[in-house]
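Report on the following structure.
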2 protein chains.
Amino acid sequence: MSTHDQDPTERSEEQELRNCQSVRQILSRFGDKWTSSVVGVLGDKRLRFRDIHRAIGTISQRMLAVTLRGLERDGLVVRTAYPTVPPRVEYHLSERGRALIGVLRPFGEWVSANHDAIEESRKIFDGDTEEHE
Amino acid sequence: MSTHDQDPTERSEEQELRNCQSVRQILSRFGDKWTSSVVGVLGDKRLRFRDIHRAIGTISQRMLAVTLRGLERDGLVVRTAYPTVPPRVEYHLSERGRALIGVLRPFGEWVSANHDAIEESRKIFDGDTEEHE
DNA sequence: CTGCATCCGTATCGATACTG
DNA sequence: CAGTATCGATACGGATGCAG
């Protein structure tokens, strides 16, 4: 995973574990409740806080602020504040953010393609375990 | 949430939002604390509960059971129980599971490549916000 | 050996109210 | 407009004990 591994037998477990943690950190950011929606709404656009808030509709101001902070902290979103009255703040995806969603796209397509099959697996699984009662 | 969307001009947005939810569901499974470790340990092998437990080392039995149930429910892992005494249960990745980690690999490589840069962004961000005290 | 039940601490989320 | 502060509800994770 880390580099192009030419050692298929046994690459360093230690490094793989560390790597696993990094991957999980990013994955859990996108696995949280709002990040993917925010990134999806942003797309290639520059949007104000209010516009993102309205576009998503069901997110609270607090969670939008928290989500944007997290993305900004990782350098995936750029925040631009204009010192005007009333204040105006714009957000847009950084280069890094755009690259990341590009890498994530094949994953999204796979999920779309397999969504129905996964749903069915869940139904079957839930049905089977219920029969124990 | 997407049900009240009354914008007839942009139908793709609606579908994209629904899609977003599906993607997030899978993403949050892999974003949880243990799934990626379990999948990583499994690899191409068939392993018993106990072996997975030992391989990860720090996971509790409870969380391993919960994680495996979740993966099995989505059809990503296959569980095989032998009715012996003492019981013996083996787990291995399904075809679907293998396909999914294949799709996830480019993501993992991207994270490895950008891990240091992200770390630095966080340090800078945390340093800047601390100055407010 | 497998893995569920229980309890408990912590983290996350959401609603509301408030500030600059 | 763009947030922060506070609180309560819920979800998640870990330790322990026990059953099949």
Side-chain angles (χ1 to χ4, degrees), chain A residues 20-21 24-25 27-38 41-42 46-73 77-92 125-126 128-133, chain B residues 1 21 24-25 27-38 41-42 46-73 77-92 125-126 128-133:
Chain A
C20 227
Q21 290 305 112
R24 200 178 67 75
Q25 278 183 22
L27 230 34
S28 65
R29 176 168 306 295
F30 278 81
D32 79 0
K33 196 164 183 183
W34 297 111
T35 296
S36 49
S37 296
V38 170
V41 165
L42 272 180
R46 285 175 78 94
L47 293 176
R48 303 181 59 166
F49 186 93
R50 180 131 216 283
D51 295 328
I52 305 173
H53 189 229
R54 292 173 75 118
I56 297 180
T58 55
I59 192 175
S60 66
Q61 285 184 323
R62 179 181 175 276
M63 289 317 296
L64 179 54
V66 169
T67 302
L68 286 168
R69 287 289 155 281
L71 285 167
E72 189 194 353
R73 195 173 100 101
V77 154
V78 178
R79 176 185 188 268
T80 315
Y82 300 92
T84 60
V85 173
R88 178 166 133 244
V89 182
E90 289 181 349
Y91 296 89
H92 65 95
F125 183 88
D126 294 346
D128 283 358
T129 53
E130 265 173 36
E131 287 171 11
H132 282 290
E133 322 274 277
Chain B
M1 46 183 72
Q21 292 306 316
R24 198 177 69 73
Q25 279 183 21
L27 229 34
S28 65
R29 176 168 307 295
F30 278 81
D32 78 1
K33 196 165 182 182
W34 298 111
T35 296
S36 49
S37 297
V38 170
V41 165
L42 272 180
R46 286 175 78 93
L47 293 176
R48 301 182 58 168
F49 185 93
R50 179 133 219 282
D51 296 327
I52 304 173
H53 188 230
R54 293 173 75 119
I56 297 180
T58 55
I59 191 175
S60 66
Q61 287 183 325
R62 178 180 175 279
M63 288 318 294
L64 179 54
V66 168
T67 302
L68 286 168
R69 285 287 92 68
L71 286 167
E72 190 195 353
R73 194 172 100 101
V77 155
V78 178
R79 184 185 119 110
T80 316
Y82 299 93
T84 60
V85 173
R88 178 167 134 243
V89 183
E90 289 180 350
Y91 297 89
H92 64 96
F125 183 88
D126 294 346
D128 284 357
T129 52
E130 264 174 35
E131 287 170 11
H132 282 291
E133 321 274 281

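No hydrogens, no waters, no symmetry mates; every other heavy atom, side chains included, goes into these values. Every chain is numbered from 1, with letters handed out A, B, ... down the list of sequences. A quick note: this is a predicted structure, and the numbers were derived from the prediction, not measured.
Following rounding to the nearest Å, B/F49 (CZ) and D/dG20 (C1') show an atom-to-atom distance of 14 Å. The nearest whole Å value for the distance from the NE2 atom in A/H53 to the P atom in D/dT4 is 14 Å. Taking atom CG of residue B/L64 and atom C1' of nucleotide D/dA15, one finds them 15 Å apart after rounding to whole Å. In this structure, B/Q61 places its CD atom 11 Å from C1' of D/dG17, rounding to the nearest Å. Atom CD in B/E72 sits about 13 Å away from atom C1' in C/dT2, given to the nearest Å. The distance between atom CG of A/L71 and atom P of D/dG3, rounded to the nearest whole Å, is 13 Å.
In this structure, A/R48 reaches the D/dA2 phosphate: one of its side-chain N or O atoms is under 4.0 Å from OP1 or OP2. In this model, the phosphate group of D/dG3 is approached by a side-chain N or O of A/R69 to a distance below 4.0 Å at OP1 or OP2.
Remark: A/R73 pairs with B/D126 by the salt bridge (charged side-chain N to carboxylate O under 4.0 Å, His left out) rule, at least two apart or across chains. The side-chain contact (heavy atoms from CB on, under 4.5 Å) check on A/T67 picks up A/W34, A/T35, A/V38, A/L71, with sequence neighbours excluded. Applying the salt bridge (charged side-chain N to carboxylate O under 4.0 Å, His left out) criterion to A/R88, with sequence neighbours excluded, gives A/E90. Under the salt bridge (charged side-chain N to carboxylate O under 4.0 Å, His left out) criterion, B/R29 pairs with B/D74, sequence neighbours left out. Judged as a side-chain hydrogen bond (donor to acceptor under 3.5 Å, both in side chains), and not counting sequence neighbours, A/S28 has no contacts. For A/Q61, there are no side-chain hydrogen bond (donor to acceptor under 3.5 Å, both in side chains) partners, not counting sequence neighbours.
Distance check, rounded to the nearest 0.5 Å: NE2 of B/H53 to CG of B/L68 gives 11.0 Å. The CZ atom of A/R24 lies 13.0 Å from the CZ atom of B/F30; values are rounded to the nearest 0.5 Å.
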In B/S/- notation, 5' to 3', how is nucleotides 9-14 of chain D contacted by protein heavy atoms closer than 4.0 Å?
----BB
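Interface residues of residues 83-92 of chain A facing DNA chain C, ordered by number: A/P87; criterion, heavy-atom separation under 4.0 Å.
Pairs engaging residues 54-72 of chain B under the salt bridge (Lys or Arg N to Asp or Glu O under 4.0 Å) rule: B/R69-B/E72 [sequence neighbours left out].
Within the nucleic acid shown, A/R54 has no heavy atom closer than 4.0 Å to any nucleic acid atom.
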